[in-house]
Amino acid sequence: MNRITIDPITRLEGHGKIEIFLNPDGEVENAYFQVPELRGFEKFCEGRPVEELPSIVTKICGVCPGCHHMASGKAVDAVFGVTPPPTARKIRELFYMAHFVHSHIAHFYALAAPDFVVGPTADPAKRNILGVIEKVGLEIAGEVIKHRRIAQEIQAMIGGHQTHVIMNIPGGVRKGITEEQRDDIIAKAEGFIGFGKFSMQLFKDVVLGNKEYLDIILNGPYNLTLHSMGLVDDNNFVNFYDGKVRVVDTKGKELYKYEPKDYLDYVEERVEPWTYLKFPYLKKIGWKGFVDGNDSGVYQATPLSRLNAADGMATPLAQQEYMEMYKILKGKPVHSTLAMHWARLVELIYAAEHCLELAKDPDITGTELRAPLGPIPGEGVGIVEAQRGTLTHHYMTDDKGMVRKVNLIVGTTNNHAAICMSIKKAAQGLIKKGTPVTEGTLNMVEMAFRAYDPCFSCATHSLPGHMKMVLVIRDSEGNIIDSVKRV
Amino acid sequence: MSDSSSGTVLVLGLGNDILSDDAIGLRVLDVMEKKFPGAFDFKKCGLGGMDTLELIKGYRRVVMIDAIKTQDGIPGTVYFLTTEDFSKTLHISTFHDISILNALEIGRKLGMEMPERMDIIAVEIVEDMEFSERLSPALERAFTAICDETERWIRMNLVTK
């Protein structure tokens with residue numbers, strides 16, 4: 001069997017490898033996406049006081065520490081059977097909106113924009129954030145750095161540290177927000193809204209205004225018809241911090257809406273022999289393989305899935321953009337993988353608006369920061385929406401609150417099957433017999449999974465020894481007939 | 001964000017302190033801070049890219065201490081490198097974010113005060129995929145020698161305050 005290898009993948013947190021297998025006719029037969037997984041976190045947690053976990057989990061991942069901190073804080077609340085008072089809950093949510101703002105800005109400008117602003121098949125030396133800056137100008141680059149930094153400052157102010165967050169304690173938060181801090185956050189959040197609107201306009205001008213790019217989004221080999229998952233509030237609007245998990249089918253019909261504590265009734269994980277990473281799927285439908293369609297058990301949990309699974313956005317500007325996106329994409333749900341970039345910008349505006357709402361909320365400077373703890377039920381589940389998907393923390397403790405067992409389903413893991421399928425579909429659409437495989441082709445295969453903002457093995461960052469992108473094409477006897485290297 | 005403009009030389013330890021050998025930069029930094037109290041600014045960081053940009057701005061010179069994995073590398077080997085040594089590879093090192101080299105270039109383009117020189121003290125590691133607060137046995141055995149070598153380099157290359 002012929003074989004193409006892309007290893008390692010660029011612009012992906014952690015190290016990954018794509019292997020594409022060709023049939024004797026030279027067409028793509030299968031594609032495998034492999035990543036090394038960090039090991040032993042569950043064991044690392046066993047025997048520790050459960051209230052230590054919210055601070056420890058921020059070190060699982062250098063990209064979404066705030067998400068793990070929030071899911072963990074909620075799981076610990078559940079272990080102690082306690083609900084934080086309104087001020088504490090709103091402070092947590094305010095922190096979380098800033099976390100979304102900084103992450104979504106980074107993804108759009110550093111990861112998505114190079115493909116669209118510079119071009120999907122442009123010179124790889126230019127297809128990065130520096131190339132984006134060259135195109136859009138230094139002034140905008142300064143704004144990107146500024147707003148990302150400001151979002152980090154809010155997180156540091158509320159969370160105690162921008163990365164190694166320590167704010168959540170069982171039943172609440174460690175410290176409150178002063179009137180002076182509130183005024184500071186209000187000014188910063190107003191800036192986020194302006195920058196969110198600007199970013200959306202840039203997307204509309206550069207991407208939607210370009211017939212070729214719009215065609216890639218709508219008709220390129222990037223569509224996958226899967227069920228959508230996301231947290232929703234009581235009105236079925238998108239909520240990043242709390243609510244019920246809602247799953248809609250490929251046509252938008254509600255399949256399930258469940259409390260976080262019941263997640264094991266709805267989600268099951270499958271193990272495949274070729275990767276350590278598991279494949280979650282909808283338990284009641286069952287695993288039907290790496291197939292899309294309404295009968296498949298595979299689901300997506302992405303920014304686009306969140307929008308698909310909800311009935312709308314809870315803030316006015318985001319709602320306006322939500323409506324416009326579905327109008328232009330001709331209905332809901334949308335199954336274009338690349339529309340995740342658009343959905344991410346709708347979410348950026350929502351996070352900015354909600355940040356401002358929370359900062360103006362009279363409760364935010366309240367002094368009741370923690371609810372009294374009750375007896376220890378010994379088991380708790382916390383679910384939030386991480387930037388890259390629904391994040392579940394499930395802890396079991398003894399009667400003194402010492403950890404016995406931990407189970408996590410992280411954002412990207414939800415999408416593992418979908419990512420593999422997206423890569424295969426893109427490869428099948430782009431790699432054809434008799435057509436040379438160029439670096440640009442490779443990048444367009446990569447675009448299929450980059451849209452997910454995937455994050456694997458992300459706590460590790462050791463300097464690379466020989467990291468480069470290699471594509472090797474072998475004939476049916478295993479001889480190399482062509483190769484492309486990206487250094 | 002800390003105000004880094006007061007110092008001229010920053011020694012920056014990079015790593016995750018619960019991920020086995022990935023913590024080596026942080027562990028060595030702790031020892032160097034005791035060996036050179038007050039001589040330089042010492043900071044720790046678990047991230048790359050734009051976060052590093054905020055940490056290094058304003059410094060004349062930055063020395064990073066980090067873990068490295070090279071093909072057939074011997075655990076505990078200490079490499080003394082500059083950013084030029086990584087000009088062809090570091091750009092894809094960590095990415096939900098941008099690379100340190102890109103961050104430096106962006107900082108310069110934006111007129112931020114970026115270090116004139118960046119050195120990287122990189123320690124060859126064994127294990128950075130398993131959660132643990134302990135170094136691998138090979139690195140634990142080599143730890144004193146790693147620190148001695150790092151200390152020697154600092155004495156020869158950095159002018160203390």
Side-chain angles (χ1 to χ4, degrees), chain A residues 8-14 36-45 56 58-65 102-103 106-107 109-111 128-130 133 138 141-142 144-145 148-149 152-153 156 162-164 387-388 453-455 457-469 486-487, chain B residues 1 14-22 24-25 44-51 53-54 64 66-73 79 81 85-86 88-103 105-107 109-112 120 122-125 127-133:
Chain A
I9 299 150
T10 57
R11 278 186 272 159
L12 164 70
E13 192 71 12
E37 193 188 16
L38 296 178
R39 303 177 302 270
F41 185 71
E42 288 79 3
K43 194 169 179 342
F44 185 85
C45 293
I56 291 173
T58 62
K59 294 176 182 175
I60 297 176
C61 171
V63 171
C64 30
H102 111 254
S103 180
H107 185 276
Y109 285 96
L111 294 151
N128 54 38
I129 192 166
L130 292 165
I133 290 171
L138 269 180
V144 171
I145 302 285
R148 194 179 171 281
R149 188 193 68 238
Q152 291 278 49
E153 284 171 359
Q162 66 191 41
T163 312
H164 303 310
Q387 289 81 9
R388 37 204 70 72
D453 189 11
C455 168
S457 310
C458 39
T460 180
H461 68 94
S462 58
L463 297 171
H466 297 278
M467 291 186 71
K468 57 192 174 190
M469 174 93 151
R486 183 182 299 168
V487 292
Chain B
M1 295 293 148
L14 290 163
N16 183 339
D17 62 4
I18 63 166
L19 202 62
S20 310
D21 294 346
D22 195 62
I24 189 68
K44 291 179 179 176
C45 182
L47 303 170
M50 286 191 239
D51 288 288
L53 183 68
E54 298 294 335
M64 289 166 31
D66 201 357
I68 192 168
K69 265 185 171 175
T70 66
Q71 210 164 21
D72 305 322
Y79 307 92
L81 311 164
D85 293 309
F86 284 90
K88 288 187 176 173
T89 55
L90 199 62
H91 72 290
I92 48 173
S93 59
T94 169
F95 232 114
H96 164 76
D97 206 330
I98 59 175
S99 76
I100 290 166
L101 285 186
N102 278 353
E105 200 170 332
I106 290 168
K109 277 181 190 290
L110 291 174
M112 293 165 79
I120 302 158
V123 181
E124 185 79 39
I125 61 165
E127 177 61 72
D128 66 348
M129 295 299 289
E130 182 151 6
F131 285 100
S132 172
E133 288 169 298

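Letters go in sequence order (proteins before strands), and every chain restarts at 1. All of these numbers come straight from a predicted model, not from anything done at the bench.
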Problem - Straight-line distance of A:Leu138 CG to B:Leu110 CG, nearest 0.5 Å - result: 5.5 Å
Completion exercise
From the list A:Ile129, A:Asn128, A:Leu130, side-chain contact (heavy atoms from CB on, under 4.5 Å) with B:Glu105 holds only for A:Leu130
Handout entry: Portion of B:Ser132 that has a non-hydrogen atom of chain A nearer than 4.5 angstrom
Key = backbone
Completion exercise
Here the gap from A:Glu153 atom CD to B:Glu54 atom CD, rounded to the nearest 0.5 Å, amounts to 7.5 Å
Handout entry: Whether A:Phe41 and B:Phe131 hold their rings parallel, tilted or perpendicular, with breakpoints at 30° and 60°
Key = perpendicular
Exercise for the section: Calculate, to the nearest 0.5 Å, the distance between atoms CD1 and CG belonging to A:Ile145 and B:Leu53 respectively. Expected result: 5.5 Å
Completion exercise
Separation between CG (B:Leu19) and NZ (A:Lys59), nearest 0.5 Å, reads 11.0 Å
Problem - Proximal component of B:Glu133, with respect to chain A [non-hydrogen, under 4.5 Å] - result: both
